[in-house]
Chemist: 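First the structure, which I've put down as structure tokens, then a few questions once you've had a look.
Chain identifiers are assigned alphabetically (A, B, ...) following the order of the sequence lines, protein sequences preceding nucleic acid strands; residue numbering begins at 1 within each chain. Note: hydrogens, waters and symmetry copies are ignored here, and every other heavy atom, side chains too, is used.
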2 protein chains.
Amino acid sequence: MGAALALAERGRGRTAPNPNVGCVIVDDAGRVVGRCWTQPGGRPHAEAMALAEAGERARGATAYVTLEPCAHVSTRGPACSDSLIAAGVTRVVAGIEDPDPRTAGSGFARLREAGVAVTAGVRAEDARRSMAGFLTRLALGRPFVTLKLATSLDGCIAMADGTSRWITGAESRAHAHLERSRHEAILVGRGTYEADAPRLDVRLPGLEERSPERVILSTRPHPSGAARLPPSPAGRGKMLLKAAKGEGGWLSIPSPQAIIDLPADHLLVEGGAQTAAAFLRADLVDRLLLYRAPILIGGGKPGIADVGLSDLSAAHGRWRLADARRLGVDRLEVYERASCLPASSPTSAPSAASNSAATRES
Amino acid sequence: MGAALALAERGRGRTAPNPNVGCVIVDDAGRVVGRCWTQPGGRPHAEAMALAEAGERARGATAYVTLEPCAHVSTRGPACSDSLIAAGVTRVVAGIEDPDPRTAGSGFARLREAGVAVTAGVRAEDARRSMAGFLTRLALGRPFVTLKLATSLDGCIAMADGTSRWITGAESRAHAHLERSRHEAILVGRGTYEADAPRLDVRLPGLEERSPERVILSTRPHPSGAARLPPSPAGRGKMLLKAAKGEGGWLSIPSPQAIIDLPADHLLVEGGAQTAAAFLRADLVDRLLLYRAPILIGGGKPGIADVGLSDLSAAHGRWRLADARRLGVDRLEVYERASCLPASSPTSAPSAASNSAATRES
Ligand SMILES: NC(=O)c1ccc[n+]([C@@H]2O[C@H](COP(=O)([O-])OP(=O)(O)OC[C@H]3O[C@@H](n4cnc5c(N)ncnc54)[C@H](OP(=O)(O)O)[C@@H]3O)[C@@H](O)[C@H]2O)c1
Ligand SMILES: NC(=O)c1ccc[n+]([C@@H]2O[C@H](COP(=O)([O-])OP(=O)(O)OC[C@H]3O[C@@H](n4cnc5c(N)ncnc54)[C@H](OP(=O)(O)O)[C@@H]3O)[C@@H](O)[C@H]2O)c1
């Protein structure tokens, strides 16, 4: 399952509107005979690819898959649960049940009816984390939002005069580019867009093609170089997006809530301070990526503007450490919501969710 | 040596002007026959206490000691190197050489002349860290300075309205009190003194007696409740201090540089932002204690005011992570100078060092 989860990461940020699934098939001698992940655009599914690789060797084998195999036939392919049965797989070990109403347990049921042994819920939390984009879209109708901050030990994102090159080191910046490659969209506030003219692309060898769509947060209808994202959940699809973008290749949205219209399951917010505060105030941040350099700036620019906190106790219990590691001399900390999803979403969840399920085309 | 280093910690902040040494004596069957640390006030020395515990069992034993045994006789006791020889110890394993000019290698030499096997430099870096107060006083004529900050993830020490109770949790606060107990003196700026009227004592069961002397940083000659510390390195001694304190039991100093006059080898600076910046600007911070709660404040009070940083590159290479751990849901990070001691000290090092050596009474 660990291997399947690692494979699933390869698809993160590229499979929308489908989930990024990983699959490993192991024969009864313990040999790996097939391994794959959901392909860009959401098809073929991970199971279909892994079964194709395994061929006849799938007979009697065990399939490890991060999500319940689907139970619905699509124009783009058969149901994975049927394919697994047809290939002669005798055991399926799965991460989580697929919340998509077209599957939602019926994939497991179909496998069991055919005599396949099913073990579900294996490394469920990791599977949920791995597919957070898909799950958030399905439950709340909006992308999963990561807020990134690169700061000094005293929490500054720049010197008082605005200088911010460089606070963090090369290892941190490479890691931040890898994170970018796993997001369909990246957003900055108009202040940062105009001050820094950031490229926001992925500058890692071999991953240059995976730069996310660039989005500006601005109340202005037409920030220069950008065009307003059309407000339509049905508009989620690369083709439509390309037409919508402004001359500079940027989109713009008028409020944090408008992320509901983004054709993305993963949104990376890269500042500045007002923008970070706007997303936090709207309770639209699911994950924090904190890159911290071992320096003190003193009297520099804080990373987050006023979020309207009423009292300190209201700030507690909100974040849970998910990962901490060194990156060169810097440190990275990843925090997640202490509860899996926000209690209530400012974007109207139920209707959005049904929209979303309707537009998922897998 | 690990055990000796742990014992040495018990004396930290209580042995000035002597070093806080730890000693463990092990007989030839591997049994611990004596263990102790330098007692409050600096005498008896760790070796003397451990030898007393071991008695006849020291014959043929090995002594593990964090610092070179002293070679100078004092009115308060014989030289430890002589005592070890007289007790029949046949091997000494030591951390670092004693930089005190009265010993400085002659302790080891005397042991070797008497046929004792000496291994020096064992866990030297840990030994140096453990005796940083003593070593800083000897080299630079001033206390070792730790700056403590308790912040949110975004580096705030309070909400915009000044509320700071509580950012960090009970475990962090208990740890901070333990740190207080290992310092002879604790300092805040006049702003914090007047705003918070902090007690700055040690509120841990069994350690209440170990509250440090309280000091205010202020340019005013007479902050209410405090009296100016007399500027005299010879004044280092508890008796003189008690007379100097103001009605409120506080001392005050007019500048960060005036810490040279404090009868302390360890000074804990607890803020606020201006005071932290003043010590950093003067390059008088040796260690950072960062307690961070998993909360975001947004638009709160930053922990460090302007330190006069000229450019970002000047901030790099200055701090090295020495420890990182969880304290409940909070995290503690300890940073030290990347170089052992500042290249040049604003307090005139050579004369201070000779003063210091002269007043060390061990
Ligand atoms: N070191 C780093 O990691 C880093 C990262 C990013 C930025 N920075 C620095 O941060 C500075 C810019 O930060 P900033 O806080 O001034 O600006 P910002 O957050 O980048 O942009 C502020 C703008 O965002 C729009 N905005 C904010 N809240 C909104 C809301 N609720 N709804 C709609 N639009 C909203 C507004 O645009 P309109 O006025 O057009 O409505 C506002 O003027 C720059 O100096 C940049 O270099 C540093
Ligand atoms: N959460 C926490 O951990 C924490 C900790 C500490 C403080 N705080 C908060 O921080 C706030 C106070 O911070 P602050 O920055 O305003 O004040 P501060 O640093 O506590 O005190 C400022 C005063 O220190 C003196 N001072 C500063 N630099 C000096 C220098 N180089 N030489 C001599 N004296 C110097 C000056 O006193 P004179 O004007 O008398 O010369 C100055 O007015 C309070 O609201 C407090 O609650 C929070």
Chemist: What part of A:Ala273 is in contact with chain B, defined as an atom under 4.5 angstrom from a non-hydrogen atom: side chain, backbone, both or neither?
Modeler: neither
Chemist: Which one, A:Arg326, A:Arg292, A:Met159, A:Glu333, leads in non-hydrogen pairs under 4.5 Å with chain B?
Modeler: A:Arg292
Chemist: Can you say whether A:Ile297 sits under 4.5 Å from chain B via the side chain, the backbone, both, or neither, judging by heavy atoms?
Modeler: both
Chemist: Any Lys/Arg nitrogen of B:Glu336 or B:Arg287 sitting under 4.0 Å from an Asp/Glu carboxylate oxygen of the other?
Modeler: no
Chemist: Any side-chain to backbone donor/acceptor pair from B:Asp306 onto A:Gly299? Under 3.5 Å, distance only.
Modeler: no
Chemist: Select one option (side chain, backbone, both, neither) describing which atoms of A:Arg281 are under 4.5 Å from chain B's heavy atoms.
Modeler: neither
Chemist: One thing to verify: whether A:Arg12 and A:Glu9 come together as a salt bridge, which I'm taking to mean a side-chain N less than 4.0 angstrom from a carboxylate O.
Modeler: yes
Chemist: Side chain from CB out, backbone as N, CA, C, O: work out which of these in B:Leu288 comes under 4.5 Å of a heavy atom of chain A, or both, or neither.
Modeler: side chain
Chemist: In terms of heavy-atom proximity below 4.5 Å to chain A, should B:Ala277 be classed as side chain, backbone, both, or neither?
Modeler: neither
Chemist: Using a 3.5 Å distance criterion without hydrogens, assess whether the side chain of A:Thr192 forms a donor-acceptor pair with backbone atoms of A:Gly272.
Modeler: yes
Chemist: Looking only at heavy atoms and a cut-off of under 4.5 Å, which of A:Leu296, A:Leu290, A:Asp154 has the most pairs with chain B?
Modeler: A:Leu296
Chemist: Check whether A:Asp161 gets within reach of chain B through its side chain, its backbone, both or neither, counting any heavy atom under 4.5 Å.
Modeler: neither
Chemist: Under 4.5 Å, counting heavy-atom pairs only, tell me which of B:Leu153, B:Val307, B:Thr151 racks up the most with chain A.
Modeler: B:Leu153
Chemist: Would you mind checking if A:Arg142 and A:Asp286 are paired as a salt bridge, meaning a charged N to carboxylate O distance below 4.0 Å?
Modeler: yes
Chemist: Go through A:Leu321, A:Val329, A:Leu149 and name the one with the most non-hydrogen pairs under 4.5 angstrom from chain B.
Modeler: A:Leu321
Chemist: Flag the one option from B:Gly298, B:Ser313, B:Gly155 with the top tally of heavy-atom pairs under 4.5 Å to chain A.
Modeler: B:Gly298
Chemist: Kindly say whether A:Ala264 contributes a backbone atom to a donor-acceptor pair with the side chain of A:Arg137 at under 3.5 angstrom?
Modeler: yes
Chemist: Only one of A:Val202, A:Leu268, A:Leu267 passes side chain to side chain contact (heavy atoms under 4.5 Å, CB included) with A:Pro212; say which it is.
Modeler: A:Val202
Chemist: Hey, which of A:Arg331, A:Arg318, A:Arg165 has the most heavy atom pairs under 4.5 Å with chain B?
Modeler: A:Arg331
Chemist: State whether B:Asp126 and B:Arg128 are salt-bridged, where the test is any N-O pair (Lys NZ or Arg NE/NH1/NH2 against Asp/Glu carboxylate O) under 4.0 Å.
Modeler: no
